[in-house]
Protein chains: 2
Amino acid sequence: MKPSLHLESEDCRAVSDVLGRVGDKWTVLVVGYLSEGPMRFTELRRRIGGISQKMLTTTLRGLERDGFVTRTVFPSIPPRVDYALTPLGEELRIPVNALGEWARHNITRIYEARQRFDQNVL
Amino acid sequence: MKPSLHLESEDCRAVSDVLGRVGDKWTVLVVGYLSEGPMRFTELRRRIGGISQKMLTTTLRGLERDGFVTRTVFPSIPPRVDYALTPLGEELRIPVNALGEWARHNITRIYEARQRFDQNVL
DNA sequence: CAGGATCCGGTTAGATACTG
DNA sequence: CAGTATCTAACCGGATCCTG
């Protein structure tokens, strides 16, 4: 997500920036699983289920770039790479989890609203 | 964003669902402005600045479908349509604002991490 | 005024094949 | 094992034109 909020304040850019990362397709799931502890690439992929290795790589690189995740390479054969949350990544989980809790508590209300809406439109 | 999390729990689907909506390009801004009170289509568009009418329509329809926003049509000429947050929409703002606050407080840390990362890679 | 319809370029994500 | 490279289909968002 590119913000492109020409007229918005720096703060809004920051918020959109973080929401753009958090709101993408896989980031929250990856962070969620990594919060259980460091994990290797393939294990992460297996646990998530349904993510292509390309998207997992892309997501992890983005998280690493933004300082939410560390990437540790063990120079062995076969190679081994561990991913882990940084302190910043752990902190991020607090507000994200709050949003997640809210979602869990209210998801039925949302689904009910959808059902009502779809019945009136279709 | 379509979850497609075959192996995930319902909870994870719910979280991704909500984050998918919240994380899209305009939703947070629209909800933010509507939290100041009901607003007409064009005023909303002018205040946001940079959003096409198509995307504003799409965003509002999505929010309406999920029960976050109400759409009130005044049968006058020219027509007038007011948008307003529902109680569910107001509630959503709480965790979203928390995430926004976190973003504001930590955005420099993220930008610094990016700079370090880009220097090591490029 | 509030949108619906259409077209189009750019981005994204998945599948596949290949590599140190 | 942990990726990179490439191709392609789908989607997204913007611009433009049109209407009750």
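Lettering of chains follows the sequences in order, A, B, ..., and the numbering in each one begins at 1.
Phosphate contact (OP1/OP2 of D/dA2, side-chain N/O of A/Thr42, threshold under 4.0 Å): present. Remark: A/Trp26 is not in phosphate contact with C/dT12, judged by side-chain N or O atoms under 4.0 Å from OP1 or OP2. Side-chain nitrogen and oxygen atoms of B/Tyr83 include at least one within less than 4.0 Å of the OP1 or OP2 phosphate oxygen of C/dG3. Note on A/Arg40: every side-chain N or O is 4.0 Å or more away from OP1 and OP2 of D/dC1.
As a whole-Å value, the separation of A/Arg45 CZ from C/dA13 C1' is 13 Å. Here D/dG14 presents its P atom at 6 Å from CE of B/Met55, a figure rounded to the nearest Å. Here C/dT12 presents its P atom at 14 Å from CG of B/Asp24, a figure rounded to the nearest Å. Atom pair B/Ile48:CD1 and D/dG13:C1' shows a separation of 15 Å (rounding to whole Å applied). Between the P atom of C/dT19 and the NZ atom of A/Lys54 lies a distance of 19 Å, rounded to the nearest Å. If you measure from atom NZ of B/Lys25 to atom C1' of C/dT12, you get 14 Å, rounded to the nearest angstrom. Remark: P of D/dG3 and CZ of A/Arg80 are 13 Å apart, rounded to the nearest angstrom. We find that CG of B/Asp82 is positioned 8 Å from P of C/dA2, with the value rounded to whole Å.
Counting only residues at least two apart or on different chains, the salt bridge (Lys or Arg N to Asp or Glu O under 4.0 Å) pairs with a member in residues 95-105 of chain A are A/Glu101-A/Arg104.
The minimum heavy-atom distance linking A/Glu91 with B/Trp102 is given by the pair O-NE1, 3.6 Å.
Taking the C1' atoms of five terminal pairs at each end of the helix from C/dC1-D/dG20 to C/dG20-D/dC1, the two resulting helix axes are inclined by 50°, rounded to 10°.
Of all the residues in residues 59-76 of chain A, A/Arg61, A/Arg71 reach under 4.0 Å from DNA chain D with at least one non-hydrogen atom.
A 4.5 Å side-chain heavy-atom check between B/Thr72 and B/Tyr83 finds every atom pair outside the cut-off.
For B/Gln53 against C/dG4, a side-chain N or O and a base N or O form a donor-acceptor pair under 3.5 Å.
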